[in-house]
There are 2 protein chains.
Amino acid sequence: MPRQTSKPRARHQASEARPYHHGDLRRVLIDAALQLAAEGAEVSVREAARRAAVSPGAPFRHFPNRDALMAAVAEEAQRRFRAEIEATLEQACPANPLARFRAFGIAYLRWAMRNPAHFEIISTGRYFAHGSSAELTRDNAELVALTERMLAEAAAQGLLRSTDLKRILIAGRALIYGFARMNLDGHFPRWGVEEREIERMAEEVIDLFIAGIAAR
Amino acid sequence: MPRQTSKPRARHQASEARPYHHGDLRRVLIDAALQLAAEGAEVSVREAARRAAVSPGAPFRHFPNRDALMAAVAEEAQRRFRAEIEATLEQACPANPLARFRAFGIAYLRWAMRNPAHFEIISTGRYFAHGSSAELTRDNAELVALTERMLAEAAAQGLLRSTDLKRILIAGRALIYGFARMNLDGHFPRWGVEEREIERMAEEVIDLFIAGIAAR
DNA sequence: CCGTTATGTAATCATCGATTACATTTCGCG
DNA sequence: CGCGAAATGTAATCGATGATTACATAACGG
């Protein structure tokens, strides 16, 4: 929790000098890094420090190394990601598991497409050792478990053609993750002038998948 | 084509000195970079130069910058990727487009899983500006076109449930690409002790997709 | 009020991509 | 041939970065 700096005394000389101790440098560094990523710039510790108006070595008081900063950044992004998905699911028809699955997929892809850099940090084991953040791993596992539950309910209600839930789960994850990554990795030529256009494609792809696994 | 160095004269002094001019530095640098990537190390121009036993500045005679080297590396990797897929398709039942699609997907995923670093370089716009290599773009487009043709044939033979080929194509690409990236990005916990296990999952996922789009 | 701890600064190092000036080899053209 | 231009590699150097260390200063508690 951010400690409240109680209006620190001014330095010996300047009346408006920045206090020696930053308010909550850790938080500010994470935000700066998130912002850097969102801007498409690559995240460097120094640049984050620069934005926090702090010396290049200061961040290392809060993070042992760059990877640790990135892991913290990923945790924050994942928190936001998960929060938005769960908020969307709050207002999704609770009775129909496949409709919920659909809403989940759409929310997932919407966030991924509107926060590409953050999604990249979350989903790729490139910025820090995969599994180095227990929180990130847990949050992600819970999203997977959420998906699993929806499919299990669908199966219980006889909505699925096959009962091989494991296989359906993996295929569904691959489909959604793949769509997000295709967008991220530039596999959609810039025909899709409208962002809205790609989101419509996302819906169609999800619907195709659901039609494929649904009983009929 | 690699120019043949016709046994260059020895230096003024040593009888076994390395010739001033490298045989085909460009090629050697690309191979060194491919090897570096395959070893999981991150590719640096200097390290490639080191492996080629050449000064750190030498590579820049062949590549204007690091990105250009990476683009050349990607082109080579893509060439191998495409060659293997097409070789596999050579011996796939030519009459059944869905069987060919299945073979395509399996070959795609097999290569991606056995050459993760190379697949990463190919498929991500991270190592160089996306579209900076016309050859890479073309090669990739041809694989997509190949998939498109298989699906069109399947539709022509009445094997598909829907005729929305565009949607099926994107979904299929997303599914296969997503599976490959999930493996790459560490989304498969290390349960799959056996590599063979993951390859079996890949087959199952592809089969599930085909079952989903097939007429019945 | 003092000292222990938390936090930031300054200086330094190795690595990397990149550029420049220079050296040597290769090759084409007369 | 042989000579000069072009190709190719070397050496030295620059700025940025991640990281470490020694030191300075502020914050907190007894």
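Small disclaimer: the values here were computed from a predicted structure and weren't measured.
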Within the 4.0 Å heavy-atom criterion, would you say A/Arg50 contacts the bases, only the backbone, or no part of the nucleic acid? sugar-phosphate
Compare all side-chain heavy atoms of A/Ile198 with those of A/Phe179 and state whether any distance is below 4.5 angstrom. yes
[X] [atom1] to [N] [atom2], straight-line distance once rounded to whole Å:
| X | N | atom1 | atom2 | value |
| --- | --- | --- | --- | --- |
| B/Phe60 | C/dG17 | CZ | C1' | 5 Å |
| A/Leu69 | D/dA19 | CG | C1' | 14 Å |
| A/Phe63 | D/dT20 | CZ | P | 15 Å |
| A/Arg66 | D/dT20 | CZ | P | 14 Å |
| A/His62 | C/dT9 | NE2 | C1' | 13 Å |
| A/Arg27 | C/dT7 | CZ | P | 16 Å |

Compute the ring centroids of A/Tyr108 and A/Phe81, then answer whether they are less than 6.0 Å apart. yes
Expected output is a numbered-order residue list: members of residues 70-78 of chain B with a heavy atom under 4.0 Å from any atom of DNA chain C. What is it? none
Does anything in residues 32-48 of chain B come within less than 4.0 Å of DNA chain C? Heavy atoms only, and list the residues if so. B/Ser44, B/Val45, B/Arg46
May I ask you to decide if [Y]'s main-chain N or O and [X]'s side chain share a donor-acceptor pair within less than 3.5 Å?
| X | Y | answer |
| --- | --- | --- |
| A/Arg26 | A/Phe63 | no |
| B/His118 | B/Leu34 | yes |
| B/Asp185 | B/His187 | no |

On DNA chain D, check which nucleotide each of B/Gly57 and A/Pro64 is closest to and give me the residue with the more 5' one. B/Gly57
Between [Y] and [X], is there a salt bridge with N-O shorter than 4.0 Å?
| X | Y | answer |
| --- | --- | --- |
| A/Arg167 | A/Asp164 | yes |
| B/Arg114 | B/Glu199 | yes |
| B/Arg102 | B/Asp207 | yes |

What nucleotide, of D/dG9, C/dA18, C/dG8, holds the atom closest to the side chain of B/Arg61? D/dG9
Out of C/dG17, D/dG18, D/dT10, minimum distance to the side chain of B/Ser55 belongs to D/dT10
Say whether B/Ser123 and B/Arg181, considering side chains only, have a donor N or O and an acceptor N or O under 3.5 Å apart. yes
